[in-house]
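Shown next, in structure tokens, is the structure this report addresses.
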There are 2 protein chains.
Amino acid sequence: MTDNKDNKQELLRCGLRLFSSRGFDGVSTADIVSAAGVTKPTMYHYFGSKEGLLEEILHNHYGNFISELENAASLPEDIALTFFRFAKVCFDTARRSPEFFMLRAGLMMRVGQDTAYLAAKPYIDRESAIIKQFFDTAASHAGNIKGKETMCTLSFVGTINATISAYLQSGDESIISDETIYKLRQQFLYGIYS
Amino acid sequence: MTDNKDNKQELLRCGLRLFSSRGFDGVSTADIVSAAGVTKPTMYHYFGSKEGLLEEILHNHYGNFISELENAASLPEDIALTFFRFAKVCFDTARRSPEFFMLRAGLMMRVGQDTAYLAAKPYIDRESAIIKQFFDTAASHAGNIKGKETMCTLSFVGTINATISAYLQSGDESIISDETIYKLRQQFLYGIYS
DNA sequence: GTTCTATTATACCGAACGGTATAATGTTTG
DNA sequence: CAAACATTATACCGTTCGGTATAATAGAAC
């Protein structure tokens with residue numbers, strides 16, 4: 001009986017789980033293959049290197065996430081709707097794949113020349129650009145945002161990340177409910193439209 | 001001529017710098033002592049272990065930071081003032097010691113059982129408790145906060161961290177100016193008092 | 001049944017890891 | 001000057017690291 005690509009998927013799963021909980025440098029290739037029930041040459045056959053495994057994990061999960069963000073930004077002139085959609089995509093992704101969001105959070109907050117950070121940087125930059133572009137467009141439709149674009153972007157991203165982080169630590173799904181989005185949006189837009 | 005405790009300070013400095021840019025697991029003891037211009041036994045003489053070095057770094061910087069946060073929370077019933085003071089402490093600390101804030105950011109966003117994260121957890125929890133207690137007290141003085149305490153805490157912390165992160169990446173000090181604090185406070189309190 | 005190809009297991013590599021035993025230093029104290 | 005001390009350098013420990021050479025295995029095609 002051949003496991004075929006089963007082992008590859010198992011390696012991707014275990015890699016994500018371990019990287020998210022102990023960091024890229026905190027996990028050894030031996031840990032990963034042991035968790036996946038295979039041996040090292042199998043892993044190097046599929047991914048070429050430890051970094052290659054990380055890159056494929058990022059490509060899969062971060063790629064999806066960014067696609068959904070881009071879809072959510074299809075009506076940027078509707079600020080309230082896009083706000084909701086953005087938050088919804090983030091919360092849904094965090095609920096569906098908490099480990100990806102842990103990994104993403106750990107990589108986002110790095111500033112130096114860490115290998116793993118460099119691999120994630122293109123995705124992080126793209127994500128930031130989508131949010132920033134939304135607030136830039138929004139500023140041209142709601143004059144009172146003008147001059148606050150950067151602050152709005154930072155506040156939005158920071159709030160969403162902190163909220164998801166609280167969910168990941170507690171496991172309490174009510175933290176990332178639609179109701180939370182409504183409350184956040186209300187607070188956020190009241191501040192803007194003042 | 002004796003360098004005396006000079007080497008210890010140099011080790012603390014280099015440790016902070018390297019840990020903040022490449023992460024605890026991404027830095028070797030050889031890297032640290034090489035940067036500090038000493039040898040490994042010197043480092044193990046002072047700190048006992050690589051983790052001991054991290055703990056002393058955290059004790060020094062995080063201890064100061066938390067003390068200042070506690071001072072800033074001395075008048076919790078004055079919401080606007082305390083908001084300003086909290087943000088001011090964070091921004092000033094980030095300006096004075098950006099490397100500490102990078103290190104803190106990288107450690108805060110971890111969820112698993114990483115060694116470095118466990119060393120930082122007491123400080124992170126204490127910090128969260130101070131902010132949370134402020135919003136709890138504030139809720140008893142401003143009824144419209146009631147029920148939003150957690151959300152306010154998350155939003156505040158997330159926004160501050162994202163703002164500082166943007167400053168650390170760009171180096172643009174205007175991002176963490178007093179003017180930014182005023183804008184953030186206005187947006188924040190308008191949302192709350194609605 | 002044999003050849004071909006893709007995948008896996010065994011066993012191992014040199015380098016780097018965190019950490020240390022030993023002893024030589026320089027400085028302080030008597 | 002000599003004893004006591006804190007600090008440092010040399011040299012090395014066993015282990016783990018990321019990565020690989022080699023070959024056994026299994027299924028597909030003929």
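Reminder, nothing fancy here: chain letters follow the sequence lines and each chain counts from 1.
Remark: P of D:dA6 and CG of B:N7 are 17 Å apart, rounded to the nearest angstrom. In this structure, OH of B:Y46 is placed 8 Å from C1' of D:dA6, rounded to the nearest angstrom. In this structure, the CG atom of A:L11 is 15 Å from the C1' atom of D:dG19, given to the nearest Å. Between the CD1 atom of A:I32 and the P atom of D:dT16 there is a distance of 17 Å, rounded to whole Å. Distance, B:F24 CZ to C:dC17 P: 13 Å, rounded to whole Å. In this structure, B:D31 places its CG atom 14 Å from C1' of C:dA15, rounding to the nearest Å. C:dG18 atom P lies 13 Å from atom CG of B:L54, rounded to whole Å. We find that NE2 of B:H45 is positioned 12 Å from P of D:dA9, with the value rounded to whole Å.
Judged as a side chain to side chain contact (heavy atoms under 4.5 Å, CB included), and not counting sequence neighbours, the contacts of A:E68 are A:V89, A:T93, A:R96. The side chain to side chain contact (heavy atoms under 4.5 Å, CB included) check on B:A35 picks up B:C14, B:R17, B:L18, with sequence neighbours excluded. Judged as a side chain to side chain contact (heavy atoms under 4.5 Å, CB included), and not counting sequence neighbours, the contacts of B:S155 are A:T159, A:Q187, B:T159, B:F188. Remark: A:R13 pairs with A:Q9, A:E10 by the side chain to side chain contact (heavy atoms under 4.5 Å, CB included) rule, at least two apart or across chains.
Neither side chain, A:N64 nor A:S67, offers a donor N or O lying under 3.5 Å from an acceptor on the other. In summary, the side chains of B:D31 and B:S34 do not present any donor paired with an acceptor at a separation below 3.5 Å, with no hydrogens or angles considered.
Counting non-hydrogen atoms under 4.0 angstrom, B:V27 reaches the backbone sugars and phosphates but no base.
For A:T42, the listed nucleotide lying nearest its side chain is C:dT8; candidates were C:dT8, C:dC17, D:dT7.
Identified under the ring-ring contact (aromatic ring centres under 6.0 Å, His included) test for residues 136-179 of chain A, with sequence neighbours left out: A:F83-A:F156.
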Could you go over nucleotides 19-25 of chain C and give all protein N or O partners under 3.5 Å, atom names and distances?
| residue | atom | partner | partner atom | Å |
| --- | --- | --- | --- | --- |
| C:dG19 | OP2 | B:Y44 | OH | 2.7 |
| C:dG19 | OP2 | B:K50 | N | 3.1 |
| C:dG19 | O5' | B:Y44 | OH | 3.4 |
| C:dG19 | N7 | B:K40 | NZ | 3.1 |
| C:dG19 | O6 | B:K40 | NZ | 2.6 |

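Of the side-chain N and O atoms in B:S28, none sit less than 4.0 angstrom from OP1 or OP2 of C:dA16. Of the side-chain N and O atoms in B:T39, none sit less than 4.0 angstrom from OP1 or OP2 of D:dT8.
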